[in-house]
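Worksheet: one structure, shown below.
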Amino acid sequence: MHHLDSGPALGELSGFRREFHRCLTRRADGLFELADAVLCADGPVRTLVGLSLAPEHRRGHGGLYDAVNNGRIDTDRLRDALARLPLPRAADGRLVLAVDVPPWLRPDGNTCPDRSFCHTYGRGHNEHRMIPGWPYSFVAALETGGTSWTALPDAARLPPGADAAAMTVAQLRGVVERLIAAGQWRHGDPEILVVLDAGYDAPRIAYLLADLPVRVLGRMRSDRVLRRPTPPRVHNPLGGRFPKHGGEFVFGDPATWGAEDVLTRTDTRLYGTATARAWNRLHSRLTRRNAWIDHTAPLPIIEGTVIRLTVEHLPSGGVNKPVWLWCSGIDADTTEVDRWWRMFLRRFDIEHTFRMLKQTLGWTRPRLRDPDAADRWTWLILIVHAQLRLARPLVADLRHPWERPAEPAKLTPARVRRGFRNLHTKIARPAAAPKPVRPGPGRPAGSKNRVVAQRFDVGLLLATGQAYTRPAHHKKGTNPRRTA
């Protein structure tokens, strides 16, 4: 531990660990020590059973698997505890939340229920694949500046046939309501900004969250067509209905853009000159299909601001294609436009968090069969990441000889985890010592396991809420999209 004032931070970390232990309602000590083993293990987590060899895990490998498969976690209480932790904020003091769905791929898990076809990127150019697995929706609070730190207040597994947009709205609503109840947002504070990628329907999510202090910012595809505001009603001597939508705004046709409402140019270190052009009060022309098929009221007009962001060059040397953004805020000025596209670039910090969860903490390493066990292991990884965030001002930099020195306040999550074992003896450890037990007789020698595990089909996660399951006559190797 370095010379910084560690009193409040040490007490906060110990208090969170005690609350985490209270949230474990079955196999509490086994789950708690399993989380400590992930925190203090040497190097990346390669296997689940290898964590039983860590000194912080005082139980055997049988107790480890029993805790993961048969334990129980009060997730509602745990979500409240995560919402009370200090969260990073933007430069203007607002909370910025990002949502993404990283997959836990299980292509060979034929005995695993509730798998869905997860969209992944292949190794080739523009190669996309649909691989069976468990998709998890994560909500992360973003920091300012270049960093690999985020805060993860919630995670939820998307079951097959679920409406991804509806579940995302329900998840965001729960997170925002818990943050308000915990005092993270008060009346008069800036609105919470939710940053989404192109896979989400940003206008629909903004419409469903209109009753909360939330502003939605999402990326749009470059082939979209929006409409301008409704023109004023002028008497037509020939009769006919008044137009409901204005002229078309085609992203791929500059002749339809017209003069922008806001134009900003900013010099950046990585991208050169960044140019942002914004048009106010544009909306999509909705139809009673897909997500709006059950909407009985008149279809709404969801206006927003469209931003076209172009940069001079990319750090990787790739093609600098323009980025189209849509924000639920209207009549934006230059300050707001610059703030929005800068916060959208901060959304990519969540990719560093997912890489940390998978490659260092071993989130997708266990070959679990039960999706409930996968949920428990996912929550343990979230708690591990939250403890690393609380331990940032407490641990010293144990760098490798080939690594550059870093300031105590700028340590990466991997470096904080490297020094957590030295901190483990100074914080609360509410888990009780294991009791001596006698191992069971096991299967008789020479006998075989004659229980045949059940096989499950793979579902398809659709935005319309319809489920797809592979029929009995479906041949292996065919395209599931074409079969559907």
Handout entry: Contacts of D211 that satisfy side-chain hydrogen bond (donor to acceptor under 3.5 Å, both in side chains) - sequence neighbours left out
Key = R173
Handout entry: Side chains of S148 and T412, donor plus acceptor under 3.5 Å
Key = no
Handout entry: All pairs passing ring pair (Phe, Tyr, Trp, His ring centres under 6.0 Å) where residues 161-210 contributes a residue, at least two apart
Key = Y207-W292
Problem - Interatomic distance, L53 atom CG to L64 atom CG [nearest 0.5 angstrom] - result: 10.0 Å
Practice task
Using a strict cut-off of less than 4.0 Å between a Lys/Arg side-chain nitrogen and an Asp/Glu carboxylate oxygen, indicate whether R346 and D349 qualify as a salt bridge.
Solution key: yes
Problem - Gap separating the SG atom of C23 from the CD1 atom of I73, nearest 0.5 angstrom - result: 8.5 Å
Problem - Any side-chain heavy-atom pair of L217 and L193 under 4.5 Å - result: yes
Practice task
May I ask you to say whether R367 pairs ionically with D108, meaning some side-chain N is under 4.0 Å from a carboxylate O?
Solution key: no
Fill in the blank from the handout: Tightest non-hydrogen contact, residues V176 and L97, listed as CG2-CD1, 4.4 Å
Exercise for the section: Identify, with sequence neighbours excluded, every residue that meets ring-ring contact (aromatic ring centres under 6.0 Å, His included) alongside W149. Expected result: none
Practice task
Given side-chain contact (heavy atoms from CB on, under 4.5 Å), test T378 with Y136 step by step and report yes or no.
Solution key: CA-CA 9 Å; T378 301; Y136 279 85; 3.7 Å; yes
Practice task
Return yes if some donor-acceptor pair links the side-chain N/O of S328 with the main-chain N/O of V216 below 3.5 Å, else return no.
Solution key: yes
Practice task
Could you tell me whether the side chains of D36 and H57 share a donor-acceptor contact shorter than 3.5 Å?
Solution key: no
Handout entry: Main-chain N/O of Y65 paired to N69 side chain as donor or acceptor, under 3.5 Å
Key = yes
Problem - Side-chain ion pair, R219 and D201, N-O less than 4.0 Å - result: no
Practice task
Kindly indicate whether the side chain of W377, heavy atoms from C-beta on, has any atom under 4.5 Å from the side chain of L368.
Solution key: yes
Problem - SB check E143 R89 (cutoff 4.0 Å) - result: no
Exercise for the section: Compare every heavy atom of W363 with every heavy atom of P103, then report the nearest pair and how far apart it is. Expected result: O-CZ3, 4.4 Å
Problem - Residues D80 and R77 bridged, charged N to O under 4.0 Å - result: no
Problem - Steps toward side-chain contact (heavy atoms from CB on, under 4.5 Å) verdict (L78, W379) - result: CA-CA 9 Å; L78 197 55; W379 275 108; 3.7 Å; yes
Problem - Pair D100 + R347: basic N to acidic O under 4.0 Å - result: yes
Exercise for the section: Drop me the distance from L95's CG to Q184's CD, to the nearest 0.5 angstrom. Expected result: 6.5 Å
Exercise for the section: Give a yes-or-no answer on whether the side chains of T25 and D74 include a donor-acceptor pair shorter than 3.5 Å. Expected result: no
Practice task
Indicate yes or no: does E191 engage R94 in a salt bridge with an N to O separation below 4.0 Å.
Solution key: no
Problem - Side-chain touch N422/L398, heavy atoms, less than 4.5 angstrom - result: yes
Handout entry: Electrostatic pair D29-R59, nearest N-O below 4.0 angstrom
Key = yes
Exercise for the section: Mind running side-chain contact (heavy atoms from CB on, under 4.5 Å) on L82 and L85 for me, showing each step along the way? Expected result: CA-CA 5 Å; L82 291 173; L85 295 180; 4.0 Å; yes
Handout entry: Closest non-hydrogen atom pair between A453 and R369, with its separation
Key = CB-NH1, 3.7 Å
Problem - Main-chain N/O of R129 paired with T120 side-chain donor or acceptor, under 3.5 Å - result: yes
Exercise for the section: Output yes when E56 and R421 qualify as a salt bridge under the 4.0 Å nitrogen-oxygen rule, no when they do not. Expected result: yes
Handout entry: Over 12 foreign heavy atoms within 6.0 Å of NE2, H61
Key = no
Problem - Sidechain-backbone polar pair: R389 side chain, P86 backbone, donor-acceptor under 3.5 Å - result: yes
Problem - Any donor-acceptor N/O pair, R115 side chain to R106 backbone, under 3.5 Å - result: yes
Exercise for the section: For R417 and V38, indicate whether the former's side chain and the latter's backbone hold a donor-acceptor pair under 3.5 Å. Expected result: yes
